[in-house]
Amino acid sequence: MQIETAKFGVIEVADDKILHLPYGLAGFPGEERFVILDKEDSRPFCWLQCVDVPDIALMLMDPCLFKPDYSVDLVPVREEMGWTEEPDGDLLLYVVVRMYAEEAENPAKEAALRLVANLVSPLLVNAKKRQAVQVVMYDTHYSFEHPVV
């Protein structure tokens, strides 16, 4: 099927690549169909593109690439989603990454770009079942804005 995106134009996506997020995504109520766009020129980042709203595209990344000790208790989520039989390798964990310009202290200098990741609300993807769920941790030492670099 073809989907329209604000960032990549009109793209062709196989129906079996569309993920269903039965509980949606924080900040985007009602949007449950997404696709992960893994483009060679943007690795190690990929994009979570909403199928139905062209403007919704979130940058994702494997958190272990910049925080090897990142750990999330996935047992309750796996039970909730009925994914207890899936091997660990069938589940992929991503975090949303955001880039923004930090104002320069000196007006003569350019603003510094910052890249931060939300480690509090990772996305767990079961590609085999074409489902994903956002894991929201309430009692955690992780940050919404953990520096990526």
Item checked: Distance-only side-chain donor-acceptor flag, His20 / Glu32, under 3.5 Å -> yes
Check: Looking at OH of Tyr142 and OG of Ser121, how far apart are the two atoms once the value is rounded to the nearest 0.5 Å?
Finding: 13.0 Å
Note to self: Do Leu123 and Val96 have side chains that approach each other closer than 4.5 Å (heavy atoms only, starting at C-beta)?
What the structure shows: no
Margin query: Quick check: do Thr5 and Trp47 have side-chain heavy atoms less than 4.5 Å from each other?
Written below: no
Notebook entry, point to check: Around atom CD of Glu4, are there more than 12 heavy atoms of other residues, nucleotides or ligands at under 6.0 Å?
Noted result: no
Check: To the nearest 0.5 Å, what is the distance between CD (Gln131) and CG (Leu124)?
Finding: 10.5 Å
Notebook entry, point to check: Does Val95 reach the side chain of His146, with side-chain heavy atoms less than 4.5 Å apart?
Noted result: no
Notebook entry, point to check: Side chains of Phe66 and Leu119: closer than 4.5 Å at any heavy-atom pair?
Noted result: yes
Item checked: Salt-bridge criterion met for Lys17 and Asp38 (N-O under 4.0 Å) -> no
Margin query: Under a 4.0 Å threshold between the charged nitrogen and the carboxylate oxygen, would Arg130 count as salt-bridged to Asp16?
Written below: no
Checklist line | Heavy-atom neighbours of Glu85 CD exceed 12 at 6.0 Å | finding: no
Notebook entry, point to check: Is any side-chain heavy atom of Asn126 less than 4.5 Å from a side-chain heavy atom of Leu91?
Noted result: yes
Check: Cluster question for you: counting only ILVMFWY and a side-chain heavy-atom cut-off of under 4.5 Å, with indirect links fine, are Leu65 and Met59 together?
Finding: yes
Margin query: Counting neighbours of CG on Asp139 that are heavy atoms of other residues, nucleotides or ligands and sit closer than 6.0 Å, is the number greater than 12?
Written below: no
Next item on the list: Drop me the distance from Arg78's CZ to Asp73's CG, to the nearest 0.5 angstrom.
Entry: 10.5 Å
Item checked: Side-chain heavy-atom pair Val13, Val51 within 4.5 angstrom cut-off -> no
Item checked: Non-hydrogen atoms of Pro147 and Arg114 that approach each other most closely -> CG-NH2, 4.4 Å
Checklist line | Sub-4.5 Å side-chain heavy-atom contact between Phe45 and Met99 | finding: no
Margin query: For the OH atom of Tyr94 and the CG atom of Leu48, what is their distance to the nearest 0.5 Å?
Written below: 9.5 Å
Note to self: Is it true that, when you exclude Met137 itself, more than 12 heavy atoms of the residues, nucleotides or ligands shown sit nearer than 6.0 Å to its CE?
What the structure shows: yes
Note to self: Checking one residue: Val136. Which other hydrophobic residues are in its cluster under the side-chain 4.5 Å linking rule?
What the structure shows: Tyr138
Notebook entry, point to check: So do Trp83 and Asp90 actually touch side chain to side chain, heavy atoms under 4.5 Å?
Noted result: no
Margin query: Tell me whether Lys39 forms a cation-pi arrangement with Phe8, defined as NZ or CZ under 6.0 Å from the six-membered ring centre and within 45 degrees of its axis.
Written below: yes
Check: Taking atom CZ of Phe28 and atom CG of Leu58, what is their separation to the nearest 0.5 Å?
Finding: 5.0 Å
